[in-house]
Amino acid sequence: MVALTLDRGSDSPVSGYAGAFVTVLIWAGWILATRHTAATSLGTIDLGLIRYGVPALVLAPVWLKTGLVPKRLSPALLALMVAGSGALFFQVAAFAIHATPAASVGVLLGGSMPLATAIIGVTLFRERPDRMRILGFAAIILGMAILLTRSLGASDSWTGWLLLPAAAALWATYTHAFRRSGLSPLQGGALIAVWSFLIHLALALVFGSTLATVPAHEIGLQVISQGVLSGLIATLAYGLAVRRLGGTQAAAFTALTPVLAMIGGGLLLQEAIGPFEIAAAVVTATGVALSTGMLSARHE
């Protein structure tokens, strides 16, 4: 039933908007759950094993049918997809999130994603965003500038400023690679999951794992957040959004996470939220509403 829904859905953009919105909600939760692990003994390799192990197991019938390297898919394109939303992306993003407040993660990661995707679309694939979307991208940049102003006067780590935009660029690469892969969301999610799990398994063998010493309730929380929601449902929902809306519009929706991440960081993680964080999140989210093209006279 899941495969039927994803692969044969209507061409209407409504399903794409729904997939993007589900992705946004899960992504905000993922930021909070990953940030939470900074206070536990769970390392980024442990999180990666959970994140990709669950969907790799659930989607085993899919990747067993397609093969680890489908015949009609370029190995280079597959590698870009796995790096862009799989193992490499996860390690870069998770390491940065451990060192960065949730409100800042929402702005830096969520804001950088649509910008990076648009830059790739314009420079490599000759996409032409209209004026309304360009205005939206400008607002996202302004939101990040507001956050930068606050960071200049604070003692926060600059890890997030260095690594989160890099993670966003990886995700943008995946967005365009998947769009041109010819794979269904289910097939793409399955292949990314199994390859990323194998990579994390190799990392665990080399660098070790602390999963055996982590309390069961902490593992359970991450299985739900990382494995089921982020690793499985969000991957499929985002793939659906890319199919229905196009790469730039789908990625733009992910920048709605700043407001949700900021609120969650304050309520659930007791992180300080000041006027700069609020302004940065609101301005970035406003930019996203424009950059999706929903208010434009024409759509892609």
Side-chain angles (χ1 to χ4, degrees), residues 23-48 50-51 88-116 139-172 214 218 221-222 224-226 229-230 234 251-289:
T23 303
V24 166
L25 292 177
I26 294 176
W27 261 78
W30 171 70
I31 291 174
L32 299 177
T34 304
R35 177 69 176 154
H36 165 74
T37 61
T40 72
S41 59
L42 278 167
T44 58
I45 293 177
D46 301 318
L47 292 178
I50 296 172
R51 164 75 179 255
L88 180 58
F89 164 81
F90 184 83
Q91 285 300 310
V92 172
F95 184 82
I97 290 172
H98 275 182
T100 310
S104 297
V105 173
V107 172
L108 291 174
L109 185 59
S112 296
M113 281 179 172
L115 291 175
I140 294 172
I141 294 174
L142 176 60
M144 297 175 68
I146 292 172
L147 186 64
L148 175 61
T149 301
R150 196 275 301 170
S151 297
L152 290 175
S155 58
D156 292 352
S157 170
W158 281 84
T159 301
W161 283 97
L162 297 175
L163 295 183
L164 290 174
L170 286 170
W171 186 271
V214 177
E218 289 289 351
L221 172 63
Q222 297 305 320
I224 294 174
S225 174
Q226 303 283 351
L229 294 177
S230 300
F253 264 94
T254 63
L256 288 172
T257 53
V259 172
L260 297 176
M262 177 191 65
I263 294 173
L267 295 179
L268 301 178
L269 302 180
Q270 287 75 54
E271 293 181 350
I273 299 176
F276 282 100
E277 286 81 4
I278 295 174
V282 171
V283 170
T284 301
T286 301
V288 153

Determine yes or no for a side-chain-to-main-chain donor-acceptor pair under 3.5 angstrom, with [X] supplying the side chain and [Y] the backbone.
| X | Y | value |
| --- | --- | --- |
| T37 | T34 | yes |
| T149 | A145 | yes |
| E277 | G274 | yes |

* Close side-chain approach of Q222 and D46, heavy atoms under 4.5 Å -> no
* To do: Would you check if W27 and L260 make a side-chain contact, meaning some heavy-atom pair closer than 4.5 Å?
  => no
Which atoms form the tightest heavy-atom contact between [X] and [Y], and what is the distance?
| X | Y | answer |
| --- | --- | --- |
| T159 | A96 | CG2-CA, 4.1 Å |
| A94 | T44 | CB-CG2, 3.8 Å |
| A234 | I26 | CB-CG2, 3.7 Å |
| W30 | R51 | NE1-NH1, 3.3 Å |
| V259 | A281 | CG2-O, 3.7 Å |
| A280 | G143 | CB-O, 3.3 Å |

Would you mind writing out the side-chain donor-acceptor pairs for residues 265-273 within the sub-3.5 Å range, not counting sequence neighbours?
from: Q270; atom 1: NE2; to: L267; atom 2: O; distance (Å): 3.1
from: E271; atom 1: OE1; to: A102; atom 2: N; distance (Å): 2.8
from: E271; atom 1: OE2; to: R35; atom 2: NE; distance (Å): 2.8

To the nearest 0.5 angstrom, please state how far the [atom1] atom of [X] sits from the [atom2] atom of [Y].
| X | Y | atom1 | atom2 | value |
| --- | --- | --- | --- | --- |
| I140 | M113 | CD1 | CE | 12.0 Å |
| L109 | S104 | CG | OG | 12.0 Å |
| L221 | L42 | CG | CG | 9.5 Å |
| W161 | S112 | CH2 | OG | 8.0 Å |
| L164 | I31 | CG | CD1 | 8.5 Å |
| L163 | T100 | CG | OG1 | 8.0 Å |

* Asked: Step by step, would you call I141 with L115 a side-chain contact (heavy atoms from CB on, under 4.5 Å)?
  -> CA-CA 9 Å; I141 294 174; L115 291 175; 3.8 Å; yes
* Asked: So L47 and H98, side-chain contact (heavy atoms from CB on, under 4.5 Å) or not? Walk me through it.
  -> CA-CA 12 Å; L47 292 178; H98 275 182; 4.2 Å; yes
* Asked: Between the side chains of E218 and H36, does any donor sit under 3.5 Å from an acceptor?
  -> yes
* Measure up the F89 and W171 rings against each other and bin them: parallel (under 30°), tilted (30 to 60°), perpendicular (over 60°). => tilted
